[in-house]
Amino acid sequence: MSLFPEHNSNILQFTPFTFEPPPVDYSQFEGISSFPSSTQFYEASVITEAFLKEDAYLGKGKGKQVEENDLKPETRKQTIFLNPLFKYDSNFWSTSNQSTGVKFHPTRSKDFACYVFGKEPKEKVKKESFTLDTQIYNCSLVHDIDSRRVFYNEAFSIFREAARAPFSKEWREKSMREKLLCDISWNYVNAIVNHIKSLQEIPIKDKQIQNEISTFRDMMAIWELCRIMYFIKSERYQRLSTDLLTWLNECYPLGALTEEELNELRDSPNLRNTVTFWSRLYKLILRGLFPQAINFLRSIIMAVEITSDQIINREIIINDIIQSVIKCIKSRPKMSSYDTGLAWRNWLSQCSQLQKSIILENKFLEENFIMILKILSGDPDAILAKSSSWLEGLVALVYHKYPKCETSDVRSTLGPVFIRFSVHPDPTSQALKRIFYQRIDDALSYCKHIDPWLLSHLTDLLCKTDLDETIGGKSLLLHQHREGYLIKFAEPLLTHSTLWQVGFKYLEHCEKFGKVFMEEFVGKIPFDNERKFEKILKICEDNGLKFDEKCIITTMGTKYMQIKRYASTIIYYMRAGKDESLKAICNIFLTQYVESGKIMFSEVLDSIPVDKNSNESVNFLSRYRLYHSLIQDEFYVQAAQVLVECLRSEISPKEFWGVLLFHTVPLMKLGRRKGIKLFEKIHIDEFIYYCSQVLDKRIEDSWLKLVQRMKRWHYKETGYFDISEDLNPVKIECERYKKNLEKNHSV
Amino acid sequence: MDNLSSTYDLLGLSTKSTGGKISKVRFDNTKQEFESNEVLFATGSWDTPKENTLLLWNVEQVSFGLGEQPSLTFSVLGKTTHEGDVTDMRFIGDNILLTSSSNGSLNAFQIINTNTSDFMDQSVGTSNYQLQMIMNRRLHSFTDTKNASLNSFAIKPHSINDPLVATVGEDGRIVIVRIEDSVKDHVIEDADASSIKAILWPRSNEIILANGCGQLRIFDPRENKPTTICHDPINIRVPINCLAFHPSKVHKVASGNNKGGVTIWDTRKLTEPEKHAQPHNSRVWEVFYHPYYQELLFSCSEDGTIGAVNFADFTPTFSSQDSMNAVKGQNVTIRKIGFKSNELPINSIDYHPHSKLLISGGDNENLLYTLI
């Protein structure tokens with residue numbers, strides 16, 4: 001490497017000063033689609049994910065057909081507003097010649113570029129030309145991550161807890177793990193509930209927030225059902241039916257009475273004969289809301305005096321029946337683990353007897369009372385007849401007919417339910433159905449269409465259970481898909497301005513491909529101060545991303561290089577191991593000395609502690625500066641030693657060896673004059689050798705330039721007598737010093 | 001400190017909004033209200049693309065009985081936006097909050113209690129307090145168009161009535177300003193050729209800097225050149241991120257470095273550090289001494305934990321192989337405090353001695369606290 005290269009050296013690669021991620025390379029997108037023109041916004045149709053991946057096209061007309069075995073999810077339309085607004089320049093564009101185009105990212109199906117293009121009007125151009133507009137928008141169909149920041153942070157801490165669950169198959173640790181996973185799933189639900197509450201507190205709820213609340217409610221329902229069906233094990237023996245009932249009432253609560261119904265009840269002269277009353281009562285019974293049901297029943301008890309009046313007696317009988325039903329409800333066994341089957345059978349027997357004993361003149365009343373008792377007894381026809389949805393019917397059937405059933409028994413109850421009811425094609429309903437069928441992998445495929453968070457975290461948690469047995473003859477592929485789902489969820493976080501750290505933490509839990517994605521994204525995180533730089537670096541250090549670590553450190557060093565903050569540059573280049581770049585910086589300083597005769601890098605080196613492990617170029621500069629300091633302080637012996645070290649290191653460019661050789665001249669003269677042995681004979685021989693190296697034809701031009709520059713500022717007072725291109729002053733002095741040494745030796 | 005349990009656990013405090021990732025937490029120690037159960041503190045955020053947030057908090061302790069852990073209630077009293085990351089923060093007298101920014105500016109905010117004041121301002125505020133910016137001065141930059149982060153500031157001792165503030169940043173300069181004046185008092189242009197990370201002003205004639213090359217530099221504020229430059233031979237060229245001075249011994253300084261180590265220095269003899277410990281395995285962002293148990297040093301780190309190092313039992317050992325490593329500490333008690341599931345860095349900690357509350361903030365956007 002020469003001090004005076006003829007062309008610009010490529011050793012120091014300058015990078016742009018700003019560190020925003022590079023713009024998307026739109027050339028990777030295929031072709032151009034033409035669409036109806038729009039000046040302000042463009043409508044996007046979201047059909048299916050598979051469709052979005054395979055063909056980057058939006059709108060009507062074109063597109064591949066996707067075959068699906070299950071019912072297709074609903075087609076949703078979504079309006080994407082371009083921000084900032086597209087500026088329509090009427091001087092340049094003509095509305096009839098303007099189009100908008102959309103292209104999806106090749107690997108991220110939810111991200112796309114929207115751009116406006118078109119032709120200039122023919123009358124304005126000489127020949128047909130095609131001009132692309134510069135307004136290109138980066139758009140995303142992913143929900144707004146910012147509004148979920150608190151939720152994602154909370155969920156991540158729970159995710160970390162789950163990651164620590166022990167994997168041992170030992171029964172003791174296994175039960176501990178099950179309890180831990182149960183707690184973790186509960187914590188996830190709490191996080192979802194907290195987010196719903198925070199959304200509900202927003203005073204103005206636009207459509208986006210309403211959709212978000214709806215999505216989270218769906219997520220809560222699915223998650224809670226999974227918790228009941230998969231995460232609660234032996235501790236919850238015989239309580240599945242109760243848990244399902246609680247789940248139904250929390251996630252799909254019985255709505256309030258409508259205005260019409262309330263009016264009907266208020267205006268009714270006799271509630272006993274009101275259809276709405278009994279409909280409501282059935283719902284309360286089905287859903288196990290017994291306190292409210294008992295209140296309802298009490299409200300139709302009429303106060304009567306005991307007389308011989310026949311009508312009054314009928315009322316008394318009805319009141320007695322009501323009280324009996326209430327008693328029957330209250331005495332229903334709780335079916336905890338210590339309740340035996342005998343208690344249940346006894347109670348059923350009571351219900352049956354009561355049922356048979358109800359004979360009333362008012363057949364409407366009689367039928368309703370009997371129906372209530374049938375529901376309580378678990379009559380499937382009665383239960384399903386009075387249920388308004390498959391969920392209600394299913395849960396009521398389990399609760400009333402099979403209160404002691406386990407999760408594996410639930411499947412057998414589903415037949416009658418689905419004969420009577422159909423399931424809505426929306427993803428949530430389909431997922432719930434499949435969870436009941438214990439086809440969790442099918443359920444998860446529907447969760448894809450609900451939210452990537454749900455899919456990834458649910459899969460992750462399920463992978464930590466013992467759900468690895470084959471179900472329904474189909475082996476679960478949870479473990480294979482877990483990582484893919486996590487990466488898909490985490491990917492948008494990696495480019496988020498604040499959640500990028502959380503994103504990378506998720507990738508740390510993806511053993512196969514996490515590192516690949518880290519390598520792709522870590523270098524794109526923008527930073528403009530050292531603190532953030534150190535945090536990005538930590539990600540590289542924690543995950544063994546050595547190459548990226550070096551690149552990022554180099555970028556930081558180059559940033560300082562551009563503003564001539566050399567101390568910081570050197571420190572970062574040393575961290576990155578950029579020896580060649582450090583050599584180039586070393587040469588810059590040496591060139592400055594050659595130009596001016598001054599050591600300009602003193603303050604820089606003051607900031608850089610050096611030791612034996614430091615970079616050799618930096619060490620050389622340090623030693624060279626030390627030489628000048630020693631000369632200044634008249635420590636000539638030490639200065640001579642340092643000078644010899646500098647020459648021997650051979651770190652500086654060859655032409656600079658000549659400068660070092662010039663430094664030897666005054667020292668040799670001093671040594672001769674004062675009789676101080678500053679150099680050994682071997683040193684002198686080395687000086688002669690180095691002279692021949694400097695005068696090598698290959699560096700002749702550089703050497704001549706150097707000498708010319710030095711001649712501009714050298715003074716006799718500094719000790720530089722004749723600086724000559726042929727190094728004769730050095731050679732002559734070497735000969736003299738050698739003779740002096742020999743003379744002293746012989747004496 | 002004998003009763004520092006080895007199983008302390010930080011309690012997680014999930015708040016609805018902490019304004020983002022927390023870069024600084026600071027108690028308002030300017031008021032000595034021994035009878036009050038209310039404590040004020042502020043948090044500053046970082047890494048929010050448009051504007052970061054300053055929040056003024058109140059924490060109230062409610063004791064239920066003898067022997068019971070008091071319950072803590074946190075509430076946000078005031079809020080304002082902050083341009084750039086909050087890199088340092090401190091309450092000074094007259095209800096002023098001083099902050100420094102990654103855009104190179106020093107800012108002062110007046111804390112106005114709107115309950116007692118007639119001041120009707122439309123600036124951002126919630127609840128009872130407003131934070132109104134009264135000073136914004138850009139002091140550090142690399143070029144006219146490129147800002148340099150203002151990393152830290154220190155206030156000259158005994159200048160609280162007319163605070164004199166020394167600021168340092170990535171541009172290697174020291175800028176000394178008065179809050180009241182708009183004219184810069186004194187600028188030391190080439191205080192350091194590298195980035196300056198932290199500053200202390202323990203005595204009127206002594207400023208201590210820590211830089212990104214692992215050096216400590218001592219300046220006389222009236223001079224342009226350092227009087228002393230030193231570094232830790234064990235951690236050569238390891239950046240020092242933070243400094244703290246001893247509550248009673250002004251010559252004792254603690255530092256935290258990029259490798260997770262904390263070092264105690266004696267400024268009277270800076271040839272080598274006095275004590276050393278390794279409470280963390282990653283960057284130490286802040287250190288401070290316990291105000292009463294003065295051999296106890298707290299630190300927070302990129303590794304997501306808080307360290308408590310008790311140097312009381314420190315005994316230096318000498319390695320026979322390398323006599324330079326004379327400060328390898330033995331018998332240094334290190335306790336770790338962390339929130340069980342937190343992996344994200346903790347950027348700042350502060351301690352309120354009267355309420356015994358240790359509070360921290362980090363990149364998980366939550367406040368974490370414990371009582372010590």
Side-chain angles (χ1 to χ4, degrees), chain A residues 17 149-150 152-154 156-164 187 191 194 197-198 201 496-502 505 508 526 528-532 534-535 537-538 541-542 559-560 562-572 574-575 601-611 613-614, chain B residues 12 14-18 20-21 23 45-50 84-85 87 102-103 142-143 146-149 151 170-172 190 192-195 197 211-215 217 226 229-233 236-237 239 241 258 282-283 285 302-303 339-345 347 363-366:
Chain A
F17 199 58
R149 252 173 46 194
V150 174
Y152 280 162
N153 274 300
E154 192 178 348
F156 173 69
S157 65
I158 303 168
F159 176 84
R160 275 293 303 140
E161 283 296 307
R164 290 184 188 178
N187 290 341
N194 287 340
K197 280 182 188 168
S198 68
E201 283 173 6
H496 189 263
S497 53
T498 50
L499 285 169
W500 52 273
Q501 285 166 300
V502 173
K505 287 291 178 189
E508 285 176 9
D528 60 358
N529 60 69
E530 287 178 332
R531 192 148 175 137
K532 188 163 180 186
E534 292 287 348
K535 286 179 179 284
L537 218 57
K538 178 152 190 309
E541 290 164 5
D542 287 348
K559 167 189 169 177
Y560 280 109
Q562 290 174 322
I563 51 176
K564 297 184 170 46
R565 301 280 303 168
Y566 293 115
S568 296
T569 308
I570 288 171
I571 285 290
Y572 286 118
M574 282 170 76
R575 272 170 89 170
F601 49 88
S602 256
E603 284 182 3
V604 171
L605 289 182
D606 279 343
S607 293
I608 304 172
V610 292
D611 61 353
N613 298 322
S614 301
Chain B
S14 296
T15 63
K16 286 182 184 173
S17 172
T18 57
K21 295 199 272 197
S23 56
S45 75
W46 78 284
D47 210 22
T48 307
K50 285 174 190 168
D85 299 343
T87 53
S102 61
N103 66 8
F142 291 116
T143 62
K146 177 67 184 164
N147 291 332
S149 175
N151 288 333
E170 286 179 356
D171 57 358
D190 297 313
D192 199 317
S194 67
S195 170
K197 305 271 195 176
N211 71 10
C213 302
Q215 289 178 333
R217 294 181 164 218
I229 300 176
C230 67
H231 64 269
D232 182 355
I236 193 163
R237 291 187 300 279
N241 296 317
N258 249 24
S282 188
R283 289 126 182 101
W285 292 123
E302 187 75 8
D303 65 11
F339 184 47
K340 49 189 176 176
S341 56
N342 180 49
E343 264 192 348
L344 294 173
N347 298 320
D363 290 345
N364 67 354
E365 303 194 22
N366 284 328

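Keep in mind that the numbers below use all heavy atoms, side chains included, and drop hydrogens, waters and symmetry copies.
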Where does [X] contact chain A at under 4.5 Å (heavy atoms): side chain, backbone, both or neither?
X	answer
B:Gln215	side chain
B:Asn211	side chain
B:Asn258	side chain
B:Ser102	side chain
B:Pro226	neither

A:Val502, A:Val610, A:Ile158, A:Asn613: which one forms the most heavy-atom pairs within less than 4.5 Å of chain B?
A:Val610
Top of A:Arg160, A:Arg575, A:Lys505, A:Lys197 for chain B proximity - count of heavy-atom pairs under 4.5 angstrom:
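The answer is A:Arg160.
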Rounded to the nearest 0.5 Å, how far does NZ of B:Lys197 lie from CD of B:Glu170?
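Spacing of CD (B:Glu170) from NZ (B:Lys197) equals 7.0 Å.
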Quick check on the interface: out of B:Lys21, B:His231, B:Arg283, who has the most heavy-atom pairs with chain A under 4.5 Å?
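It is B:Arg283.
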Tell me the closest heavy-atom pair linking A:Met574 and A:Ser614, and the distance in Å.
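That would be CE-CB, 3.9 Å.
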Check: B:Arg237 side chain, B:Gly214 main-chain N or O, donor-acceptor pair, under 3.5 Å
no
Between B:Arg217 (side chain) and B:Cys230 (backbone), is there a donor-acceptor pair under 3.5 Å?
no
Contact part of [X] toward chain B, heavy-atom cut-off under 4.5 Å: side chain, backbone, both or neither?
X	value
A:Lys564	neither
A:Asp606	both
A:Thr569	neither
A:Phe159	neither
A:Ile571	side chain

Will you find, in the side chains of A:Glu161 and A:Asn187, an N or O donor that is under 3.5 Å from an N or O acceptor?
no
I'd like to know if the side chain of A:Arg531 pairs up with that of B:Ser23 as donor and acceptor (distance under 3.5 Å, no hydrogens or angles considered).
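No, no side-chain donor-acceptor contact under 3.5 Å.
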Hey, can you tell me if A:Tyr572 and A:Tyr560 have their rings parallel, tilted or perpendicular (30° and 60° cut-offs)?
parallel
Tell me, with the steps shown, if A:Glu534 and B:Glu302 meet side chain to side chain contact (heavy atoms under 4.5 Å, CB included).
CA-CA 9 Å; A:Glu534 292 287 348; B:Glu302 187 75 8; over 6 Å; no
Just one of B:Asp363, B:Asp47, B:Asp85 clears the salt bridge (Lys or Arg N to Asp or Glu O under 4.0 Å) bar with A:Lys532, so which one?
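For A:Lys532, the salt bridge (Lys or Arg N to Asp or Glu O under 4.0 Å) check succeeds only for B:Asp47.
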